[in-house]
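Beneath this line is the structure, given in structure tokens, with notes to follow.
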Amino acid sequence: GAVVSQHPSWVICKSGTSVKIECRSLDFQATTMFWYRQFPKQSLMLMATSNEGSKATYEQGVEKDKFLINHASLTLSTLTVTSAHPEDSSFYICSASTSWGETQYFGPGTRLLVL
Amino acid sequence: QQQVKQSPQSLIVQKGGISIINCAYENTAFDYFPWYQQFPGKGPALLIAIRPDVSEKKEGRFTISFNKSAKQFSLHIMDSQPGDSATYFCAASYGGATNKLIFGTGTLLAVQP
């Protein structure tokens, strides 16, 4: 099956710093990638949808200037949390799909802890 | 209209029993209904999915039952095993896999040996 990887798997940073999370589709070209956030014991909340080569579409309530998304190639999307604060601590998960695909394939997630 | 309601919130089943998780939706435009399994600290993994043109789909021990008129669908796990203990999410989308998934609230399943 299709494999999606994320890097890093976990990161600890100081408040005010920026953190970049990578999402890669390893064996297929992903025309669309999605970024989700999941708080403990809660469901996945979609943050944004990105298509290769175009600007991301953010969900209502998600600050696009704080959560920068770049989908520069068909195999890589990045999420940058700028000026991170403790309330940004969460589990960030990406998924990827192809234009003809039946489903989305999820990455293993990145746990962010902001001190 | 964009919500997917999932129940129960948690479920305890004995080994060998049947686990049943239910979901309901409002938006009749939804045309793709997947179920995901998530272990702690991991990303969700697709279990099984169904489209509204069929009423049931079975893959191994996992079965989706779909009731289009009631706008409900459910996951049945037959012969539940301790290794099935995880959180299960239903989801819905329209227009295929390139459109966003709306997730249910999740069900924490514990299968007791």
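All chains are named by letter (A, B, ...) in the order of the sequence lines, taking the proteins before the strands, and each is independently numbered beginning at 1.
Less than 6.0 angstrom separates the ring centroid of A:Y105 from the ring centroid of A:F28.
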Problem set entry | Full working for ring pair (Phe, Tyr, Trp, His ring centres under 6.0 Å) between B:F66 and B:F33 | CA-CA 9 Å; B:F66 186 83; B:F33 303 89; 4.8 Å; yes
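For A:L44, the parts lying under 4.5 angstrom from a heavy atom of chain B are both the backbone and the side chain. The part of B:F89 that comes within reach of chain A is its side chain, from C-beta onward, which places non-hydrogen atoms under 4.5 angstrom from that chain. Contacts of B:L101 with chain A are made by both backbone and side-chain atoms, with heavy-atom separations under 4.5 Å. For B:Q38, the part sitting under 4.5 Å from any heavy atom of chain A is the side chain, from C-beta outward, and nothing else. For a residue to count as touching a neighbouring chain, one of its non-hydrogen atoms must lie under 4.5 Å from one of that chain's; by this rule A:E59 touches chain B with the side chain only. Both the backbone and the side chain of B:P44 come within less than 4.5 Å of a heavy atom of chain A.
No side-chain heavy atom of A:Y92 sits under 4.5 Å from any side-chain heavy atom of A:R111.
A:Q38 places no side-chain N or O within 3.5 Å of a backbone atom of A:Y36 that could act as its donor or acceptor partner. Judged by distance alone, the side chain of A:S73 and the main-chain N or O of A:T75 form a donor-acceptor pair under 3.5 Å.
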